[in-house]
Novice: 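Can you read through this structure? Questions will come right after.
Just so it is clear, the model here is predicted, and its values are computed rather than measured. Index from 1, following the sequence.
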Amino acid sequence: MADTQERSEISGETLPSSLRGKGILLGFAPWIIFDVIAGPSTWKLGAFAAFVAALVFSLPDVQHRKVKLLDAVGVVFFGVVALLGCFLDRHDLIWLETYAQVLSSGVLALIALISLVTVPFTEQYARESAPHELWNKPSFRRTNRIITAVWTVVFVATAVLGLVALHTVGMGDWFNWVIPVILLVLAIKFTKWYPAHVRAQAHSNRGR
């Protein structure tokens with residue numbers, strides 16, 4: 001039994017190699033929907049669409065009583081934003097129109113940062129492809145902390161870029177879209193690459 005468990009850890013079963021199941025990208029979907037749709041005149045529609053998406057995507061986990069942090073915060077955040085849009089006057093929500101995308105990126109950054117000191121949010125997705133008895137392995141937790149830290153940096157950078165875009169003339173597309181999309185792609189690639197890198201190192205160390 002011990003030998004089997006050791007082989008499983010070395011072979012990478014303790015690492016989030018594929019983040020199977022619903023997938024971390026699907027978890028980000030409501031936030032992406034909001035960023036794409038939200039604007040000075042469309043943020044209410046963006047909030048409603050993101051709320052519906054977050055609710056629909058979380059239903060399977062609700063049925064199994066395993067709601068993920070990203071899904072739960074998405075339902076609450078977009079639900080609150082949508083309600084504010086329905087019941088408050090536009091004059092009272094100018095700040096929300098202005099900072100909607102910055103606020104969503106900031107909330108993601110806060111979620112990721114808090115999860116670093118509790119349970120890394122990527123670990124909830126990684127557990128879908130790792131046996132329960134391996135969840136507490138150091139390699140599993142360490143890998144998820146590093147991946148979550150990378151996502152935290154990306155979210156913070158995206159929020160800061162959004163703030164800069166509000167006070168910069170002629171660079172809004174770069175700060176709101178081009179650079180954030182590049183950072184997102186790099187984070188996705190790192191999420192796929194890093195577990196494989198750790199597994200390769202484990203095999204190399206075992207072969208010495």
Novice: Membership question, hydrophobic clusters at under 4.5 Å side-chain separation (ILVMFWY): are Val156 and Ile182 in the same one?
Specialist: yes
Novice: Before giving the answer on side-chain contact (heavy atoms from CB on, under 4.5 Å), spell out for Leu161 and Leu183 the whole-Å C-alpha distance, their side-chain angles and the decisive distance to 0.1 Å.
Specialist: CA-CA 11 Å; Leu161 287 169; Leu183 293 176; 4.2 Å; yes
Novice: Could you note down all residue pairs passing salt bridge (Lys or Arg N to Asp or Glu O under 4.0 Å) where residues 95-121 supplies at least one of them, sequence neighbours left out?
Specialist: Arg90-Glu97
Novice: Please collect all ring-ring contact (aromatic ring centres under 6.0 Å, His included) contacts where either partner lies in residues 79-114, sequence neighbours excluded, each pair once.
Specialist: none
Novice: Taking only residues two or more places apart in sequence or in another chain, which ones pass side-chain hydrogen bond (donor to acceptor under 3.5 Å, both in side chains) with Thr148?
Specialist: Thr122
Novice: What heavy-atom pair brings Ser58 and Asp71 nearest, and what distance separates the two atoms?
Specialist: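 Heavy atoms of Ser58 and Asp71 come nearest at CB-CB, 3.8 Å.
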Novice: Applying side-chain contact (heavy atoms from CB on, under 4.5 Å), can you list everything that pairs with Phe48, at least two apart in sequence or on another chain?
Specialist: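 If we apply the side-chain contact (heavy atoms from CB on, under 4.5 Å) test to Phe48, skipping adjacent residues, the hits are Val52.
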Novice: Please name all residues satisfying side-chain hydrogen bond (donor to acceptor under 3.5 Å, both in side chains) with Asn136, sequence neighbours left out, ordered by chain then number.
Specialist: Arg141
Novice: Flag yes if Val80 and Leu96 sit in one hydrophobic cluster, no otherwise; membership is Ile, Leu, Val, Met, Phe, Trp, Tyr, and two members link when side-chain heavy atoms are under 4.5 Å apart.
Specialist: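 Val80 clusters together with Leu96.
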Novice: So which pairs with a foot in residues 31-56 pass salt bridge (Lys or Arg N to Asp or Glu O under 4.0 Å), sequence neighbours left out?
Specialist: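 Salt bridge (Lys or Arg N to Asp or Glu O under 4.0 Å) check on residues 31-56 returns no pairs.
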Novice: Report yes if the side chains of Leu70 and Pro30 come closer than 4.5 Å at any heavy-atom pair, otherwise no.
Specialist: no
Novice: Of all the heavy-atom pairs spanning Phe121 and Ala112, show the shortest one and how long it is.
Specialist: CE2-CB, 3.8 Å
Novice: Could you tell me if the ring centre of Phe78 sits under 6.0 Å from that of Trp31?
Specialist: yes
Novice: For Leu184, give me all partners under side-chain contact (heavy atoms from CB on, under 4.5 Å), at least two apart in sequence or on another chain.
Specialist: Trp151, Ile188
Novice: According to side-chain contact (heavy atoms from CB on, under 4.5 Å), who are the partners of Ile32, at least two apart in sequence or on a separate chain?
Specialist: Phe28, Val36
Novice: Roughly how far, to the nearest 0.5 Å, is CD of Gln201 from OG of Ser139?
Specialist: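 The CD atom of Gln201 is 12.0 Å from OG of Ser139, to the nearest 0.5 Å.
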Novice: With hydrophobic residues grouped by side-chain heavy-atom distances under 4.5 Å, do Phe77 and Ile24 end up in a single group?
Specialist: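 Yes, Phe77 connects to Ile24 through the hydrophobic network.
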Novice: Between Gly162 and Asn176, which heavy-atom pair has the shortest distance, and what is it?
Specialist: CA-OD1, 3.8 Å
Novice: Through direct or indirect side-chain contacts below 4.5 angstrom among Ile, Leu, Val, Met, Phe, Trp and Tyr, which residues connect to Val117?
Specialist: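 Noted: Val117 shares its cluster with no other residue.
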Novice: Mind checking the CZ-NZ spacing from Arg127 to Lys66? Nearest 0.5 Å is all I need.
Specialist: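 Answer for the CZ-NZ pair, Arg127 versus Lys66, is 10.0 Å.
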Novice: Working to the nearest 0.5 Å, report the span between CG of Leu116 and CD1 of Ile111.
Specialist: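 Separation between the atoms: 12.0 Å.
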Novice: Report the residue from Leu84, Thr98, Val81 that forms a side-chain contact (heavy atoms from CB on, under 4.5 Å) with Leu93.
Specialist: Leu84
Novice: So which heavy atom on Ala159 is nearest to which on Gly106, and how close?
Specialist: CB-N, 4.0 Å
Novice: Do you know the tightest heavy-atom contact between Asp61 and Lys68?
Specialist: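 Smallest interatomic distance, heavy atoms only, reads OD2-NZ, 2.9 Å.
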Novice: Roughly how far, to the nearest 0.5 Å, is CG of Leu113 from OG1 of Thr118?
Specialist: 9.5 Å
Novice: If hydrophobic clusters are built by linking Ile, Leu, Val, Met, Phe, Trp and Tyr wherever their side-chain heavy atoms come under 4.5 Å apart, do Ile179 and Val154 end up in the same one?
Specialist: yes
Novice: Among residues at least two apart in sequence or on other chains, which ones pass side-chain contact (heavy atoms from CB on, under 4.5 Å) with Ala29?
Specialist: Leu26, Phe57
Novice: Search all heavy atoms of Ala109 against all heavy atoms of Thr152 and return the closest pair with its distance.
Specialist: O-CG2, 4.1 Å
Novice: Walk me through it: do Ser105 and Phe155 pass the test side-chain contact (heavy atoms from CB on, under 4.5 Å)?
Specialist: CA-CA 6 Å; Ser105 296; Phe155 298 146; 5.7 Å; no
Novice: What distance separates Thr143 OG1 from Arg199 CZ, expressed to the nearest 0.5 Å?
Specialist: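 Those atoms lie 9.5 Å apart.
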Novice: Between Ile37 and Trp43, does a side-chain contact (heavy atoms from CB on, under 4.5 Å) hold up when you go through it step by step?
Specialist: CA-CA 7 Å; Ile37 298 177; Trp43 65 269; over 6 Å; no
Novice: Is it the case that one hydrophobic cluster holds both Val76 and Leu55, taking links as side-chain heavy atoms less than 4.5 Å apart, direct or via other members?
Specialist: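 Result: yes, single cluster for both.
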Novice: Tell me the ring-ring contact (aromatic ring centres under 6.0 Å, His included) pairs involving residues 172-193, sequence neighbours left out?
Specialist: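 Output for this query lists Phe190-Trp193, Phe190-Tyr194, Trp193-His197.
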Novice: Can you list the other members of the hydrophobic cluster that holds Val67, where links are side-chain heavy atoms under 4.5 angstrom apart?
Specialist: Val62
